[in-house]
Amino acid sequence: MSDLRVRFAPSPTGYLHVGGARTALFNWLLARQQGGTFILRIEDTDVERSTSESVDAILEGMKWLGLDWDEGPFYQSESFPLYKEYVRKLLEAGKAYKCYCTAEELDAKRNLAMQEGRKPKYDGTCRERADQPDGQPYVVRFRAPQGGVTSFNDLIKGTITFPNEELDDLIIQRTDGTPTYNFCVVIDDATMRITTVIRGDDHVNNTPRQVQLYEALGFPVPQFAHVPMILGSDKARLSKRHGATSVIAYRDMGYLPEALMNYLVRLGWSSGDDEIFSREEMIQKFDICNVGRSASVFNTEKLNWLNAHYIKNSEPERLAALLQPHLAARGVSTLGGPDLAAVVKTLQERAQTLEEMAERAVFYYNAPVNYDDAALAKFDKELLAEVFAKVTEKLSGSATNSIPEIDALFKEICSENGWKMGQVGQPVRIALSGGTQAPGIGEIVMTLGAEETIRRIQKAREFVSGK
RNA sequence: GUCCCCUUCGUCUAGCCCGGCCCAGGACACCGCCCUUUCACGGCGGCGACACCGGUUCAAAUCCGGUAGGGGACGCCA
């Protein structure tokens, strides 16, 4: 057990998106690798926007990915007294002060500053104010250092320095007495003894103010690692308009959790030329220092490739269980049909997602009601009738206990009648599946069983002769 | 506008800290060939990048300076 303590701190205002998942993953990886502690904290100080549905959705996403946490979930909304206490301390020490400016006044000043091309920051009206108007609403502001610079060493980006002049006196407590984000994070990270803060790099600008707070409060400053954002194909911050961003949506689209994990860990991080990482390998090889400094574009094609890889290498039984809901969603019942695991075996090599696999599995359970006319039209009507007849005859009189055995039967049919495999295989494929894109004939016949195969060929035969 | 950060094939990246092994390697995608009863899988090959300009050096993707472009932050949101 090391004393490394990291945390993932999402705000419950939506589902767990891929960006958040990657941040959580990096934290988790480091904790697991070093025997540290991974803490889950829900940042719900914004009572207006936080919902318990979001909390559930986030937990569901993390569980699906297998990102288990050691402590928490802690809710900031339950620590309000703690934050209040520290606000009081700061106030007493003169490191914070009450500000009576109204939100409207501040808005006006901010807009004016923007218009005049100045940095919109608090002008310090109440900083040296001596009077304390009774009963007047006020916010508490942190008395930030005025000169000099604040810098910190980022594990990913290196040393980052901000002139203190750029930072104004931030509000740490609102008029209604609730604490604000930048203040809560510091108190929480400090009291939870977080040693390394790994978060999205949209927080880089918050970091110097937080460092100042740590110092004012007398807390040790943790290490920081700001991971770059994930962009959409147009290089803009990834959002819904780029498609799915929720990890649960990826589950529903038929992605395997290990595929998404593998994709996410390689987005912005690498270990030589390796592409495939099992859970154990990523834990072993991950190094926060190897995370790139620039943002990366989310690429579904590569995710698909990874997903296909994991589908190919998964146990058919496991896949069958995961596939079931996708079939059910299509109104397909597997009752009375072939064993789903057997079906999966024939589809594993050809599907990128479980959705795709489900689509391709339908014909096993629902015999085709119509056929690919264009494909059928490539064959002579008489030939089709003859092929169907010979195949039926052969199948009913022979053993069909293995794929090689069945393949051999079809070869025999070809040689006995002087046909090419394409003349036999394709029509049979159409008869059995309705179309031309399907597993090998041997695989289908084996999975469907001779009886059902003959039934379907019979049906196709009638269809063809009726035309 | 101000501040902070970033910049290698279309995309993810290796190399950059510790200049020469890099006329830049791998992967996804794409294209072609092979395998093949379809669709896939697989195998082989191809296309394709150091943002730009200066400087330092015998030598720069790698060091220095500038320019351009992109992103982020500037809330009583987190």
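Keep in mind it's a predicted model, so treat the numbers as computed, not measured. A note on names: the letters A, B, ... follow the listed sequences, proteins ahead of strands, and every chain is numbered from 1.
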Can you give each donor-acceptor pair under 3.5 Å made by side-chain atoms of residues 364-372 of chain A, sequence neighbours left out, with the distance rounded to 0.1 Å?
from	atom 1	to	atom 2	distance (Å)
A:Tyr364	OH	A:Thr346	OG1	2.7
A:Tyr365	OH	A:Pro338	O	2.8
A:Asp372	OD1	A:Ala374	N	3.2
A:Asp372	OD1	A:Ala375	N	3.1

Regarding A:Pro10, tell me which of base, sugar-phosphate or nothing describes its non-hydrogen contacts under 4.0 Å with the strands shown.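 Nothing: the residue A:Pro10, judged by heavy atoms under 4.0 Å, touches no strand.
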A:Arg293 side chain, from C-beta outward: closest of B:U11, B:C16, B:U13: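 Within the option list, the nearest is B:C16.
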Between B:C28, B:U37, B:C4, which nucleotide has the shortest distance from any of its atoms to the side chain of A:Glu301?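 Nearest nucleotide to the side chain: B:C28.
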Do NZ/NE/NH1/NH2 and the carboxylate oxygens of A:Asp169 and A:Arg143 come within less than 4.0 Å?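 Salt bridge flag = no for A:Arg143 with A:Asp169.
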Check this for me, if you would: do A:Arg7 and A:Glu43 make a salt bridge, where the nitrogen-to-carboxylate-oxygen distance has to be below 4.0 angstrom?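 Looking at A:Glu43 together with A:Arg7, the answer is no, because their closest N to O distance does not fall below 4.0 Å.
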Dump every N/O contact between nucleotides 23-25 of chain B and the protein below 3.5 Å, one line per pair.
from	atom 1	to	atom 2	distance (Å)
B:G25	N2	A:Asp273	OD1	3.2

Check nucleotides 69-76 of chain B for protein N or O atoms closer than 3.5 Å to its own N or O atoms and list the pairs.
from	atom 1	to	atom 2	distance (Å)
B:G72	N2	A:Asn205	OD1	3.1
B:A73	OP1	A:Arg237	NH1	3.3
B:A73	O4'	A:Asn205	ND2	3.0
B:C74	O2'	A:Pro120	O	3.3
B:G75	OP2	A:Arg110	NH1	3.4
B:G75	OP2	A:Pro120	O	3.3
B:C76	O2	A:Thr175	N	3.0
B:C76	O2	A:Thr175	OG1	2.8
B:C76	N3	A:Thr175	OG1	2.3
B:C76	N4	A:Cys101	O	3.2
B:C76	N4	A:Ala103	N	3.4

Apply ring-ring contact (aromatic ring centres under 6.0 Å, His included) to A:Phe286 and list each qualifying residue two or more places apart in sequence or on a separate chain.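 Checked A:Phe286 against ring-ring contact (aromatic ring centres under 6.0 Å, His included); matches are A:Phe26, A:Trp269.
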I'd like a table of atom pairs between the protein and nucleotides 40-44 of chain B - only N or O on both sides, under 3.5 Å - with the distance next to each one.
from	atom 1	to	atom 2	distance (Å)
B:A40	O2'	A:Glu349	O	2.9
B:C41	O3'	A:Lys312	NZ	2.9
B:C41	O2'	A:Glu349	OE1	3.0
B:G42	OP1	A:Lys312	NZ	3.0

How would you list, by chain and number, every residue that makes a salt bridge (Lys or Arg N to Asp or Glu O under 4.0 Å) with A:Asp188, sequence neighbours excluded?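 In terms of salt bridge (Lys or Arg N to Asp or Glu O under 4.0 Å), with neighbours along the sequence ignored, A:Asp188 is linked to A:Arg41.
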Can you name the residues that form a side-chain contact (heavy atoms from CB on, under 4.5 Å) with [X], not counting sequence neighbours?
X: A:Pro120; result: A:Arg110, A:Ala113, A:Met114
X: A:Glu315; result: A:Glu317, A:Arg318
X: A:Ser294; result: none
X: A:Lys390; result: A:Glu393, A:Ile413, A:Asn417, A:Trp419

Show me the donor-acceptor pairs within less than 3.5 Å that the side chains of residues 297-308 of chain A make with the rest of the protein, sequence neighbours left out.
from	atom 1	to	atom 2	distance (Å)
A:Asn299	OD1	A:Lys302	N	3.4
A:Lys302	NZ	A:Glu275	OE1	3.0
A:Asn304	OD1	A:Tyr255	OH	2.5

Any residue of residues 259-269 of chain A with a heavy atom less than 4.0 Å from an atom of RNA chain B: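 Nucleic-acid contacts, sorted: A:Arg266, A:Leu267, A:Gly268.
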